[in-house]
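Model, not experiment: these values are computed from the prediction.
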Amino acid sequence: MGVDMSNPPNSHIKDFFASPALSLSLAGIFRGANVSHAAAAGSVEVEEGDEGSGGGRREETVEISSETSGPMRSRSDNDLEGEGEHDEDDIGDGDGDNDDKNKKKKRKKYHRHTAEQIREMEALFKESPHPDEKQRQQLSKQLGLAPRQVKFWFQNRRTQIKAIQERHENSLLKTEMDKLREENKTMRETINKACCPNCGTATTSRGTALTTEEQQLRIENAKLKAEVEKLRAVIGKYSPGATASCSAANDQENRSSLDFYTGIFGLDKKRITEIANQAMEELKKMATAGEPLWVRSVETGREILNYDEYTKEFGSENSSNNGRPKRSIEASRETRVVFADLPTLVQSFMDVNRWKEMFPFLISKAATVDVICNGEGANRNGAVQLMFAEVQMLTPMVPTREVYFVRYCKQLNAEQWAIVDVSIDKVEDNIDASLVKCRKRPSGCIIEDKSNGHCKVIWVEHLECQKSTVHTMFRTVVHSGLAFGARHWMATLQLQCERLVFFMATNVPTKDSTGVATLAGRKSILKLAQRMTWSFCRAIGASSYHTWSKVSSKTGEDIRISSRKNLNDPGEPVGLILCAVSSVWLPVPPHILFDFLRDEARRNEWDIMSNGGPVQATANLAKGQDRGNAVTILKMKSKENNMWVLQDSGTNAYESMVIYAPVDTNGMQSVINGCDSSNLAILPSGFSILPDGHESRPLVITSRQEEKSTEGGCLLTIAFQILTNTSPTAKLTMESVDSVNALISCTLKNIKTSLQCEDS
């Protein structure tokens, strides 16, 4: 928000800068400064200490004087030589002794800038608010001022502009907050009149229409509350004399880092740009270097970073000396060819919403906090932006990682682009280091256009994280760097690029689109399946979206329970939704388990909903080159009724998923015909399958290739979501918890029995 200083400011702004209140405002602007108000002289002085060679302080006087703030006196270098006006009462006769001189306190001498001097400095300020040494020297000779006076005048002028901007922003925020408070109050009154205060049931004769309106008001009310709290935090941060409330301080441990970082303003953009450029150079070396920086493992075939060589090449950060807990380093690199053109990839990284959609299995939250530079062109060459991301595994048993970083996009040559991420928590003092539990060292990707709809991508992931306790089941896959490493990111990117190509294709072979007659119907089904998968990924992770409770099942597995209320989201059934998740280890290769779970011919072996009856696939839509990447519509026939199930299965080099949900028959028919699927309520359940991270050794040595096995077991996460009550105001009951507990236990038992691993 800029201020045009070419027009005279309002009179109340002049009064503000001429008043004693200015000293209080400046106290918040100059950190560590001592502000004094010379009431008699009408001046403000700020004394700052600079570090000297002997560790002492060198006092500097910051003077404020401009035609905006009115005539103000300032201390000059000439005062030290006895120039300027003196008060006769303070002039000694020169013959008194030293004691008398020490007892007398001389008044400070001031120099008033002339109108001509102010006009000349104002003219230069409009062209260059930060003049260099040469410009200051030239102006000082022209105006007959000391270079130090010119330097301080420009410094104080910038301070005045900043103060005006902050006061104006605070005024707008306060007005907006008051408006939201009134709307909040009005909605509370409307809800209280429209429903029973005890049970939330509508009390008027308008019935269903009023209930829908009430639900909408409740949603809007919650949004307004969040907005009011956000504005209150911003105003409290910048209003003079404001202090944080005790409740806010107590809640700081529990709230998301995104809420904290969104309130940051006044970042040192020049310093951030320098760090981004340094990170880009490091990324290019990390992506292209071979041995001895990267050494390939003989056992796993993965590349391992030689940290000694890294330290020699790039130096080491003394992060352990800053009072932080001990941290672990995770570094990985992966190179693959993906089915996407270069502009699509670059734009997907720079648009935070498209970035979340590209990595739904990994990113539970993401936001662009601030834009340092917008960049040029459609691909935003040179763009620099501050971002926040919460990275997760698809299980509540592994904590999420919150990362705050700068993303920099740059075109290297005609065929290559680079996108680098780097954390900058050391740059700004107002970033709480206790919230930064995971830092990104220079990470990102080099994208090379192959001119045939494909791109070669070299991905480097380099993290520095606080050491934390991880469940023994997931310890190997997390500590080996597989869970959050480059291989996982690249496998997900490759899968999502394939999905996008198959979604946009207009010449799909019949074998890849059986059971659906039209292209519009195919796209509508794939879009619904994509929404179902995103919903599943959001529901089962350890994100701060959820609060998980641990429950033990009768068969010994630990089950995590979480509940949420859907008031008016048309994509899910309205009411109280219960989500239950359990993770187990099975001594079965991941691809064997994946093929078993997605096979409709064997579904009745584990799926309780089928009641042991036959399951028939009526539609099968390919969404990738692997036969396991498909969307299927299943019909389950039983004595009572026929049920339709939408199933989305996907597999890549790291993980596999089978996600499904019962769907309304009439609604699904309209989707098959090409109608919009956004209002079809769907509640997904399903499975996530990961390798356990252990590379098993063959028990015997043989020349037969098929008997050589290096596959370990797998980590299976099973999740069920059920609608326990159609009323959003209902309470979660133990009967619902026991039911979903039994459902998970029975399903796991059936899977183990079918795969002959009951003793696992």
Side-chain angles (χ1 to χ4, degrees), residues 300-302 330 332 334 336 338 356-364 390-401 457 459 461 470-471 473-499 529-530 532-543 581-598 623-631 647-660 684-695 710-719 751 755:
T300 64
R302 297 199 306 268
E330 297 176 8
S332 55
E334 190 80 5
R336 291 197 185 177
V338 299
K356 285 191 293 185
E357 293 174 1
M358 189 67 78
F359 300 97
F361 311 147
L362 277 158
I363 301 172
S364 56
E390 185 181 55
V391 186
Q392 69 172 5
M393 284 186 67
L394 294 181
T395 174
M397 300 175 73
V398 178
T400 58
R401 293 181 172 184
V457 180
W459 194 295
E461 197 68 21
V470 179
H471 194 281
M473 192 186 307
F474 292 91
R475 191 167 295 165
T476 301
V477 72
V478 171
H479 290 171
S480 64
L482 290 174
F484 301 100
R487 181 184 176 188
H488 191 179
W489 288 95
M490 276 300 306
T492 304
L493 177 64
Q494 199 170 34
L495 179 64
Q496 293 300 308
C497 287
E498 283 189 14
R499 182 198 57 78
Q530 183 183 32
M532 178 178 69
T533 299
W534 289 347
S535 175
F536 178 81
C537 293
R538 285 196 306 268
I540 71 171
S543 170
V581 184
S582 182
S583 296
V584 297
W585 177 84
L586 295 178
V588 180
H591 70 275
I592 298 295
L593 179 59
F594 173 68
D595 289 340
F596 167 72
L597 291 174
R598 72 181 189 86
K623 61 166 191 172
Q625 297 182 23
D626 191 287
R627 61 187 178 85
N629 293 320
V631 176
Q647 177 175 290
D648 185 6
S649 59
T651 183
N652 58 44
Y654 174 76
E655 63 190 334
S656 302
M657 300 177 68
V658 177
I659 302 165
Y660 63 92
S685 300
F687 307 92
S688 168
I689 307 167
L690 304 176
D692 60 6
H694 293 283
E695 302 290 342
T710 58
E711 295 175 331
C714 66
L715 300 172
L716 171 66
T717 297
I718 176 173
I751 292 174
L755 297 177

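Note: Ile659 CD1 to Met532 CE = 6.0 Å, rounded to the nearest 0.5 Å. Distance check: Glu357 CD to Trp534 CH2 gives 3.5 Å after rounding to the nearest 0.5 Å. Between the CZ atom in Arg627 and the CG atom in Asp595 there is a gap of 5.0 Å [rounded to 0.5 Å]. Summarising the geometry, atom CG belonging to Leu362 is positioned 8.0 Å from atom CG belonging to Leu394; distances are rounded to the nearest 0.5 Å.
In this structure, the side chains of Asp692 and Cys714 stay at 4.5 Å or more apart for every pair of heavy atoms. Within the 4.5 Å cutoff, no side-chain heavy atoms of Thr651 are placed close to those of His591. Side-chain contact between Val477 and Tyr654: present, with at least one pair of heavy atoms (C-beta onward) separated by less than 4.5 Å. In this structure, the side chains of Thr395 and Leu690 stay at 4.5 Å or more apart for every pair of heavy atoms. Side-chain contact between Met473 and Leu715: present, with at least one pair of heavy atoms (C-beta onward) separated by less than 4.5 Å. Proximity of Phe596 to Ile751: side-chain heavy atoms (C-beta onward) are separated by under 4.5 Å at one or more points. Between Tyr660 and Ser685 there is a side-chain heavy-atom pair separated by less than 4.5 Å. Leu755 is listed as a side-chain neighbour of Leu593, based on a closest heavy-atom distance under 4.5 Å.
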**Request:** Check the pair Arg487, Glu655 against salt bridge (Lys or Arg N to Asp or Glu O under 4.0 Å), reporting the backbone distance first and the verdict last.
**Result:** CA-CA 11 Å; Arg487 181 184 176 188; Glu655 63 190 334; over 6 Å; no
**Request:** Go through Ser583 and Thr717 one step at a time and tell me if the side chain to side chain donor-acceptor pair (under 3.5 Å) criterion holds.
**Result:** CA-CA 4 Å; Ser583 296; Thr717 297; 2.8 Å; yes
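Checked by atom type and distance alone, the side chain of Arg598 never pairs as donor or acceptor with a backbone atom of Gln647 at under 3.5 Å. The backbone N or O of Asn652 sits nowhere less than 3.5 Å from a side-chain atom of Gln494 that would complete a donor-acceptor pair. Not one N or O on the side chain of Thr492 forms a donor-acceptor pair closer than 3.5 Å with the backbone of Phe359. At least one donor-acceptor pair closer than 3.5 Å links the side chain of Ser649 to the backbone N or O of Gly628. Under the 3.5 Å distance criterion, the side-chain polar atoms of Asp648 are left unmatched by any main-chain donor or acceptor of Val631. Of the possible donor and acceptor atoms, one in the side chain of Arg475 sits under 3.5 Å from a partner among the backbone N and O of Val470.
Taking all atoms of both residues into account, the shortest heavy-atom contact from Lys623 to Ala630 is CG-N, 3.8 Å. The shortest heavy-atom contact between Phe361 and Cys537 is CD2-SG, 3.4 Å.
Every side-chain contact (heavy atoms from CB on, under 4.5 Å) that Ser364 has, sequence neighbours left out, goes to Glu390, Gln392, Ser543. For Ser332, the side-chain contact (heavy atoms from CB on, under 4.5 Å) test picks out Glu461, Ala486, with sequence neighbours left out.
Of the N and O atoms on the side chains of Glu334 and His488, not one donor lies less than 3.5 Å from an acceptor on the other residue.
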